[in-house]
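Have a look at the structure below, then the notes.
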Amino acid sequence: MRREGIRPVSFTFSALFKACAGLANVELGRQIHAQTFLIGGYECDLYVGNTLIDMYVKCGFFESGRCVFDEMPERDVISWTSLIVAYAKSGDMEAAAELFNGLPEKDMVAWTAMITGYAQNAKPREALKLFESMRDAGVSTDEVTLVGGISACALLGAGKHAKWIRDLAEKDGLSPSTNVVVGSAMIDMYSKCGSVGEAYQIFKSMKEKNVYSYSAMIVGFAIHGKANAALELFYEMVETDTKPNRVTFVGALTACSHAGMVQQGRRLFESMKRDYGVTPEVDHYACMVDLLGRAGHLEEALNLAATMPIEPNGGVWGALLGACRIHGNPAIAEVAANHLFDLEPNSIGNYIVLSNIYAVAGMWTDVSRVRKLMREKGLRKNPGCSWMEAEDGIIHEFFAGDMTHPKSKEIKEALEELLQTLKRNGYKPNLSSVVHDIGDGEKERLLKTHSEKLALAFGLLTTIAGTPIRIVKNLRVCEDCHTVMCGASLIMRREIVLRDNMRFHHFHDGVCSCGNFW
DNA sequence: ACAGAGTGAG
């Protein structure tokens, strides 16, 4: 076109930037960006500017997007929304909210960008609050808005919220059975709310299924420990026209890993490239290290991490470290931890796991060495937080050590009574779950303040006898709390469903669905 | 008329 001497119009540039965004090719984008100045005039065009911001944001170059925005002589709601998305993607929701609040005319897409931003940054309550304000403001919502709300409900893991948004979707004519995006989002939501059966009902009802629908369902089975169902669905999927992708394999491999199905996992991994044309990436190697390590093949897992054809990341070494915790192997743990301290020097969890492994092995000098390292780096423990949905749909949050809940006194008493009963039945507090350098009495006191125990006591106090108690936790559940949940399910004759940051634990009659293998 | 929001894993 340029050789022919035909002068491009602004749409020509918009189309080019859109193509660069699709290819995530920022280099090419920058070259064409320079052309807008050379040919002249286009850098002032609103459409060109907006596509440019979008291209930089989609390629992850937020600063460049911001520069374009700042230099635009004229901006509209689309320019502002692109910038809101940029801040949301970089994790700065405060900045995004400031821009949004300053917008004189907020349209549906701007509202939706904020809702989705909160959901993507793990702030479900903010997302749902905004979703309601949007509807109250009389702004119309579409399937994209709804999916933002559905993701927020998935994060919350609360059944009544799930039902509420489902009813809303049906009322708006966006049924999961006819809308593949809504359906896929709801599969994820129901399985993260603990209702994997309901998720499967949705899946079966869907007229159209894509790779998201299958992957969400496979992952749903995996996090509930239903490895056979996950693999059966995988083999059902490959008989259809829907091709599995990298995420599908992460889900299927995770399923094998949680169930200790080493042979199936190995076969699946070997078949990825050969039978399905999906090249294993670093996450798949992490799944394999996890699979081998959990099953006790620690040397082989270490060997895989050390010799894999791509550079291992924190996920790979983290999986190995986790396996060393399960099997109590301080020697290999040290190798994994050293890599992790290089790759993620400020990630507190790795120091805590290593220190726990040393403590269980009675290696107290090493325990204090790791603790000293943590102190020197000024790292603080992430606060543990658990929550549960009450009968009226209100979410009650509990933080470790926090006694500000209005029912704190009753909760403390109920927990004390439960623990006494458990002790009479042979429960001993697992003091090595506490990393701090304090006396045993203090350790036991600290264990009693763990957020999932507070939530459990609250559940025992406020829910109807015989109904399941459902709790969600932000971190991995600790050894001692896991034991207490098992015991409580037997003594109180209650089913307890606990979602931690990795998976679900279904406690029933004193045993957990994870087989104490998590 | 072109341009901004989307579901699955870690």
Side-chain angles (χ1 to χ4, degrees), chain A residues 9-18 21 45-55 57-58 65 68-69 72 75-86 88-89 96 100 103 106-120 134 141-152 154 174 176 179-189 191-192 199 202-203 206 209-223 237 242 244-255 257 281-287 290 313-316 318-319 501-503:
Chain A
V9 291
S10 44
F11 174 59
T12 319
F13 283 110
S14 297
L16 286 167
F17 293 137
K18 202 175 173 178
D45 189 280
L46 180 60
Y47 290 147
V48 173
N50 283 343
T51 30
L52 250 175
I53 300 176
D54 182 52
M55 184 214 45
V57 172
K58 286 209 171 108
V68 175
F69 179 88
M72 282 165 74
R75 306 176 187 107
D76 63 3
V77 65
I78 295 177
S79 333
W80 287 96
T81 305
S82 300
L83 209 59
I84 288 173
V85 170
K89 288 213 167 116
F100 179 75
L103 262 182
K106 306 172 172 70
D107 67 3
M108 177 168 76
V109 180
W111 280 92
T112 305
M114 279 301 292
I115 292 168
T116 304
Y118 279 125
Q120 288 170 346
M134 179 179 180
T141 57
D142 68 359
E143 53 165 4
V144 185
T145 323
L146 192 64
V147 166
I150 296 170
S151 310
L174 294 165
N179 185 308
V180 66
V181 179
V182 169
S184 304
M186 280 196 186
I187 292 170
D188 177 55
M189 173 181 77
S191 70
K192 287 190 180 145
I202 298 259
F203 177 81
M206 288 169 69
K209 301 182 182 82
N210 63 16
V211 62
Y212 283 82
S213 333
Y214 278 100
S215 304
M217 195 64 244
I218 289 169
V219 169
F221 284 135
I223 61 174
M237 173 185 186
T242 309
N245 65 12
R246 49 194 306 278
V247 181
T248 321
F249 281 102
V250 170
L253 290 171
T254 307
S257 171
E281 289 176 40
V282 67
D283 292 337
H284 302 109
Y285 281 94
C287 287
D290 191 62
N313 64 5
V316 175
N501 60 343
M502 303 300 289
R503 59 174 300 161

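Proteins get letters first, then strands, A, B, ... in listed order; numbering begins at 1 in each. Quick caveat: nothing in here was measured; it's all calculated off a predicted structure.
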Heavy atoms under 4.0 Å, any strand shown: does [X] hit a base, just sugar-phosphate, or nothing?
X: A/Val9; value: nothing
X: A/Lys106; value: nothing
X: A/Val85; value: sugar-phosphate
X: A/Ser82; value: sugar-phosphate
X: A/Asp283; value: base
X: A/Val57; value: nothing

**Study point:** Nearest-nucleotide pick for A/Arg246, side chain only, options being B/dA9, B/dA5, B/dT7
**Key:**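 Closest of the options to the side chain of A/Arg246: B/dA9.
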
Practice item. With sequence neighbours excluded, tell me which residues meet salt bridge (charged side-chain N to carboxylate O under 4.0 Å, His left out) with A/Arg246. Key: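 Partners of A/Arg246 under the salt bridge (charged side-chain N to carboxylate O under 4.0 Å, His left out) test: A/Glu281, A/Asp283.
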
Check your understanding: So does A/Gln120 get a side-chain nitrogen or oxygen closer than 4.0 Å to the phosphate oxygens (OP1/OP2) of B/dA5?
Key ->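 A/Gln120 to B/dA5 OP1/OP2: no side-chain N or O under 4.0 Å.
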
Practice item. Compare side-chain N and O positions of A/Lys192 against OP1 and OP2 of B/dA9 and report whether any pair is under 4.0 Å apart. Key: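 So the side-chain polar atoms of A/Lys192 do come within 4.0 Å of the phosphate oxygens OP1 or OP2 of B/dA9, strictly under.
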
Check your understanding: For the residue pair A/Phe100 and A/Trp80, is the inter-centroid distance of their aromatic rings smaller than 6.0 Å?
Key ->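 Here the rings of A/Trp80 and A/Phe100 have centres that are no less than 6.0 Å from each other.
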
Check your understanding: Is the base of B/dG4 touched by the side chain of A/Asp76 through a donor-acceptor pair closer than 3.5 angstrom?
Key ->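 Answer is no: no donor-acceptor pair is held.
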
